[in-house]
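Just so it is clear, the values below take in all heavy atoms, side chains as well, and ignore hydrogens, waters and symmetry mates. Keep in mind it's a predicted model, so treat the numbers as computed, not measured.
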Amino acid sequence: MLANNLTPVASHSANKKFLLLFFICCALPFIAAKLALEFSWFAAGATNKGQWLEREIKVLPASTQTHWRLVYVQAQSCDASCELALYTLQQIHSGLGRKQIQIHNLVLADKSPPQLSRYANIEWQSANLPLSELQNHIVIVNQQGLALLRYPTIEDQTHMLAVGKDIRADLRRLMNYDRSNL
């Protein structure tokens with residue numbers, strides 16, 4: 001008769017242990033996430049290769065024809081880094097395959113660079129905005145004309161090859177996750 005009285009007490013204790021362990025297992029990931037956010041234990045923006053712009057910059061008017069635009073903002077004249085930027089834009093456009101119909105390549109400059117005649121998929125547009133923070137950068141611009149990511153251009157060909165790969169990766173990611181044209 002004494003043994004029957006102990007069984008429900010042991011079962012009740014096991015239920016309390018199970019609930020406590022269940023609560024701990026559920027709460028632990030939330031606590032860890034909160035601590036990681038509070039103490040900056042993660043690398044923010046590690047998925048994108050380009051630099052997100054901190055303020056909203058409207059570079060171009062809204063477009064109904066193309067969804068994404070790759071824009072090279074030229075400084076004064078088209079030097080060696082400009083030539084590499086144009087080549088990089090052409091290579092990215094060619095490398096996108098069937099998705100290249102979603103992309104429009106532009107050069108924003110005071111006057112059309114003479115080298116532009118060698119690149120069939122890149123157009124020139126007059127730059128009438130003060131874009132000093134975007135000069136000598138390749139910029140990903142969305143359909144509304146807002147600059148999203150920027151990438152510096154440098155005269156080093158191996159560095160520009162890496163920048164081109166970064167732009168292509170970020171652009172493909174943006175196109176894959178874009179749901180506005182569905």
(message) List the residues meeting side-chain hydrogen bond (donor to acceptor under 3.5 Å, both in side chains) with Q144, not counting sequence neighbours, and say none if there are none.
(response) N142

(request) Return each pair, listed once, that meets salt bridge (Lys or Arg N to Asp or Glu O under 4.0 Å) where at least one residue sits in residues 19-32; pairs must be two or more places apart or across chains. (result) none

(request) State the CD1-CE distance between I140 and M175, to the nearest 0.5 angstrom. (result) 9.0 Å

(message) Under the rule for side-chain hydrogen bond (donor to acceptor under 3.5 Å, both in side chains), what residues qualify as partners of S94, not counting sequence neighbours?
(response) none

Donor-acceptor pairs are to be reported for all side-chain atoms of residues 116-123 against protein atoms at under 3.5 Å, with residues two or more places apart or in another chain.
| unit_1 | atom_1 | unit_2 | atom_2 | d |
| --- | --- | --- | --- | --- |
| S117 | OG | P114 | O | 3.3 |
| R118 | NH2 | E83 | OE1 | 3.1 |
| R118 | NH2 | E83 | OE2 | 3.4 |
| Y119 | OH | E83 | OE2 | 2.7 |
| N121 | ND2 | H93 | ND1 | 3.2 |
| E123 | OE1 | H104 | NE2 | 3.3 |

(request) Kindly write out the residues that satisfy ring pair (Phe, Tyr, Trp, His ring centres under 6.0 Å) with F39, not counting sequence neighbours, or none if the list is empty. (result) W41

(request) Could you tell me which residues satisfy side-chain hydrogen bond (donor to acceptor under 3.5 Å, both in side chains) with Q115, sequence neighbours excluded, listed by chain and number? (result) none

(request) Mind running side-chain contact (heavy atoms from CB on, under 4.5 Å) on Q135 and V73 for me, showing each step along the way? (result) CA-CA 5 Å; Q135 284 185 351; V73 183; 4.2 Å; yes

(message) Is the shortest side-chain heavy-atom distance between L134 and R150 below 4.5 Å?
(response) yes

(request) Take atom CD of Q100 as the centre, draw a 6.0 Å sphere, and report whether it contains more than 12 heavy atoms from other residues, nucleotides or ligands. (result) yes

(request) With rounding to the nearest 0.5 Å, note down the distance linking CZ in R55 to CG in L53. (result) 8.5 Å

(request) Would you indicate whether the side-chain heavy atoms of V141 and L146 approach each other to under 4.5 Å? (result) no

Only pairs under 3.5 Å count here: list side-chain donor-acceptor contacts from residues 166-174, not counting sequence neighbours, and write none if there are none.
| unit_1 | atom_1 | unit_2 | atom_2 | d |
| --- | --- | --- | --- | --- |
| R168 | NE | G95 | O | 3.4 |
| R168 | NH2 | G95 | O | 3.1 |
| D170 | OD1 | K49 | N | 3.2 |
| D170 | OD1 | R173 | NH1 | 3.2 |
| D170 | OD2 | K49 | N | 3.0 |
| D170 | OD2 | G50 | N | 2.9 |
| D170 | OD2 | Y151 | OH | 2.6 |
| R173 | NH1 | T47 | O | 2.8 |

(message) So L108 and V59, do their side chains get closer than 4.5 Å, heavy atoms only?
(response) yes

(request) Give the intermediate values and the outcome of side-chain contact (heavy atoms from CB on, under 4.5 Å) for residues W68 and L148. (result) CA-CA 10 Å; W68 297 99; L148 300 179; 3.5 Å; yes

(request) For side chain to side chain donor-acceptor pair (under 3.5 Å), just list the numbers for Y72 and N105, CA-CA rounded to whole Å, side-chain angles, deciding distance to a tenth of an Å, and then say yes or no. (result) CA-CA 8 Å; Y72 171 63; N105 292 327; over 6 Å; no

(request) Write down the atom of Q125, the atom of P61, and the distance for their closest heavy-atom approach. (result) NE2-CD, 4.5 Å

(request) Scan for salt bridge (Lys or Arg N to Asp or Glu O under 4.0 Å) pairs involving residues 151-161, sequence neighbours excluded, and state none if there are none. (result) none

(request) State which residues pass side chain to side chain contact (heavy atoms under 4.5 Å, CB included) with T88; sequence neighbours excluded, sorted by chain then number. (result) I92, I138, M160

(request) Please tell me if the side chains of S81 and T153 come closer than 4.5 Å, counting only heavy atoms from C-beta onward. (result) yes

(message) Contact between V107 and P113 at the side-chain level, heavy atoms closer than 4.5 Å - yes or no?
(response) yes

(message) Is there a side-chain contact between E133 and E54 in this structure, where contact means two heavy atoms from C-beta onward sitting under 4.5 Å apart?
(response) no

(message) Listing request: all salt bridge (Lys or Arg N to Asp or Glu O under 4.0 Å) pairs with a residue in residues 66-80, at least two apart in sequence or in separate chains.
(response) none

(request) Scan residues 21-34 for pairs that pass side-chain hydrogen bond (donor to acceptor under 3.5 Å, both in side chains), counting only residues two or more places apart or in two chains. (result) K34-E38

(request) Indicate yes or no: at least one non-hydrogen side-chain atom of W124 is less than 4.5 angstrom from one of L106. (result) no

(request) Say whether H67 and Q143, considering side chains only, have a donor N or O and an acceptor N or O under 3.5 Å apart. (result) yes

(request) Please collect all salt bridge (Lys or Arg N to Asp or Glu O under 4.0 Å) contacts where either partner lies in residues 87-104, sequence neighbours excluded, each pair once. (result) none

